[in-house]
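These notes are about the structure you will find just below.
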Amino acid sequence: MKKKFFITTAIDYANGRPHLGHAYEKVLTDVVARYRRMTGDEVHFLTGIDEHGQKVTQTAKAQGKSPEELTNEVAPLFVDLCKTLLISNDDFIRTSETRHTDVVRSILQDLHDRGDIYKARYNGYYSVRQEQFVLEKERVNGEWPEIYGEVVEIEEENYFFRLGKYQDWLVSFLRENEFVFPLFRQKQVTEFLKEPVNDLCISRPVERLSWGIRLPFDEDFVTYVWFDALINYISAVGYGTERFGEYWPCDYHVIGKDILVPAHAVYWPIMLKAIGVPLPKSLLVHGWWHTGGAKLSKSSGVSIDPFEISKAFGPDALRFFLTREMNVGQDSDFTMELFLSRYNADLANNYGNLVNRLLNLSGRHLKDGLAAATVDGDPEHEVRALWEKTREDILRLYEGFQFHTALERIFQFITALNRYAEIRAPWKLAKSDNPDDRAVLETSLAVIAEGVRLATVAVIPVMPGVAERVLGLLREEVPPTWEGQFDWGNRLEGRTFGERAILFPRPG
RNA sequence: GCCAGAGUAGCUCAGUGGUAGAGCAGAGGACUCAUAAGCCUUUGGUCGGCGGUUCAAAUCCGCCCUCUGGCACCA
């Protein structure tokens with residue numbers, strides 16, 4: 001059995017509506033997933049939501065609902081986000097499902113049996129208003145910040161997971177392995193581990209927090225939400241059953257930089273180590289979108305809401321922008337001005353318009369479908385040479401998560417097709433009766449068509465919806481993999497293309 | 001404070017030793033199949049600052065400045 005390429009997003013915390021950050025992580029992961037499918041991997045793509053914990057409880061309470069009612073409302077929003085953005089996830093897990101809670105409980109029991117979980121007294125300062133412990137270091141001039149309200153010193157018993165026991169192991173693991181991409185993020189982890197890590201408090205007394213998974217060995221406590229949430233990565237793929245080995249170890253956990261340390265780079269590897277499960281192969285850590293405040297969205301009339309943008313410009317346009325503009329791992333700005341600039345320049349004017357030109361010209365001048373390319377002059381040669389270079393580049397760039405550069409190269413190629421069209425100017429040749437001119441006209445349309453096909457196929461991971469539409473107009477099936485797809489050829493010969501179409505209408 | 005990332009044309013960025021680049025925006029032009037799109041030409045930068053190494057530095061070294069993020073639980 002061939003092991004699947006297993007990739008996950010972080011599961012989103014179910015106490016609010018999906019926003020751009022959620023959308024980005026899904027899109028990024030989806031681009032990787034679709035890319036791997038195109039290279040022939042069998043992919044398993046997992047996403048979901050994290051439902052337990054205090055903040056969900058608080059949010060629910062504030063809305064006069066039970067936690068279950070809240071998460072049952074929120075879950076469909078995230079499922080809908082995936083649908084809206086053409087996310088190709090194979091599974092969507094909710095941490096309230098029994099397939100998850102059962103595994104969490106069995107792991108807790110396992111760790112308890114092994115002696116890696118122990119009970120101890122915890123003494124600390126507790127904010128009644130915020131319903132959380134606050135740290136001594138948060139004190140400003142000996143006073144607690146206003147937002148905490150009354151802070152009282154309390155003592156309670158809790159269960160702890162022996163993180164510290166595994167610190168040395170983790171440090172040496174990170175010294176010997178490239179675990180985090182981009183690599184500079186791994187240094188942040190190493191930095192964090194220079195200080196001794198405390199054992200992790202993994203329980204909350206039921207009287208203080210009831211919305212969670214009960215500890216199997218002490219029903220008076222629920223499981224701390226991070227400990228619960230991380231386990232989704234294995235509970236969703238049958239941890240403890242036969243099929244687990246088809247998925248695990250995970251190839252990439254795609255996460256935001258904010259949850260790298262300590263959750264994914266410290267808690268999670270140690271949890272896995274403690275229960276004897278191999279670590280995931282890599283963490284793919286992305287940056288954040290800065291959205292520049294509300295005034296930008298107000299002035300343009302479209303707010304930076306993934307659903308609204310998707311509705312106004314199409315999911316592919318949003319996916320394109322998020323992938324084109326973000327250097328994976330860095331932060332980036334999202335403004336409507338930048339978005340519109342990309343949309344107009346790259347999608348509407350460059351790509352969309354080229355497709356429209358091709359469809360119009362071939363509909364008008366090719367009564368028997370696309371003719372053969374019989375002329376082989378310098379312009380044809382240059383286009384093909386550029387394609388050969390482009391295909392090499394983009395495969396390498398996709399592989400290295402350099403999606404923004406890959407798209408840049410693809411669009412440079414599209415620009416070259418527009419230039420080629422000007423050089424051959426088939427609309428001028430159409431006015432001639434000379435058979436030589438006719439041959440050049442037919443050739444030029446064959447070259448543009450093949451170029452459009454190649455560029456479109458290359459962009460499938462990023463814009464699957466548009467790719468399907470364009471290939472459909474070229475009377476071409478969407479290929480399941482890239483096998484043989486990047487070879488310049490004449491497969492479109494004889495086809496009668498669809499009616500001219502505006503792929504990316506220019507806004508208002 | 002510590003760690004990291006970033007400081008290059010109006011904007012977004014590429015460029016790790018050899019005469020400053022791209023895209024977008026701006027300006028001009030020829031064309032017209034096309035979403036007034038495309039194509040050609042073009043304005044524009046003392047490469048954050050100071051010093052050093054070198055025949056030669058945006059690129060290496062040192063010091064400094066600014067912005068952003070992380071430093072125990074918010075994509």
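No hydrogens, no waters, no symmetry mates; every other heavy atom, side chains included, goes into these values. So that the names make sense, note that chain A is the first sequence line, chain B the second, and so on, each numbered from 1.
For the P atoms, the distance linking G44(B) with A14(B) amounts to 24 Å, nearest Å.
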Q. Taking it one step at a time, do D30(A) and L85(A) satisfy side-chain contact (heavy atoms from CB on, under 4.5 Å)?
A. CA-CA 10 Å; D30(A) 192 53; L85(A) 297 178; over 6 Å; no
For RNA chain B, the dot-bracket notation using Watson-Crick and G-U wobble pairs below 3.5 Å, [ ] for pseudoknot-type crossings and | for other-strand pairs, is ((((((((.[[[[.)..(..]]]].((((.........)))).....[[[[[..)....]]]]])))))))....
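Using a 4.0 Å heavy-atom criterion, one finds that L260(A) contacts no nucleic acid atom at all. Residue-level contact check: A348(A) touches the bases, meaning some heavy atom is under 4.0 Å from a base atom. Heavy atoms of R204(A) sit under 4.0 angstrom from at least one base atom.
For R357(A), no side-chain nitrogen or oxygen approaches OP1 or OP2 of A37(B) to under 4.0 Å. Using a 4.0 Å cut-off, no side-chain N or O of R506(A) falls inside it from OP1 or OP2 of A36(B).
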Every protein N/O lying under 3.5 Å from an N/O of nucleotides 20-31 of chain B:
| unit_1 | atom_1 | unit_2 | atom_2 | d |
| --- | --- | --- | --- | --- |
| C24(B) | O2' | S341(A) | OG | 3.0 |

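Between R469(A) and D316(A) there is no salt bridge, since none of the side-chain N atoms of the basic residue sits less than 4.0 Å from a carboxylate O of the acidic one.
You'll find that the side chain of K431(A) is closest to U32(B), out of U32(B), U35(B), C39(B). Residue L338(A) places its side chain closer to C11(B) than to any other of C11(B), A14(B), A34(B). For Y267(A), the listed nucleotide lying nearest its side chain is A72(B); candidates were A34(B), C11(B), A72(B). Relative to the side chain of E325(A), the nucleotides A34(B), U12(B), A14(B) differ in distance, and U12(B) lies closest.
Using cut-offs of 30° and 60° for the angle between ring planes, the W289(A) and Y24(A) rings count as perpendicular. Between F401(A) and Y252(A), the ring-plane angle classifies as perpendicular under the 30° and 60° cut-offs. Classified by interplanar angle (parallel below 30°, tilted 30° to 60°, perpendicular above 60°), the ring pair F334(A)/F339(A) is parallel.
Scanning atom types as modelled, one donor and one acceptor separated by under 3.5 angstrom connect the side chain of N353(A) and the base of A34(B).
Contacts between residues 189-199 of chain A and RNA chain B, defined by a heavy-atom separation under 4.0 Å, are made by E191(A), N198(A).
Residues L395(A) and E399(A) fail the side-chain proximity criterion, which asks for heavy atoms closer than 4.5 Å.
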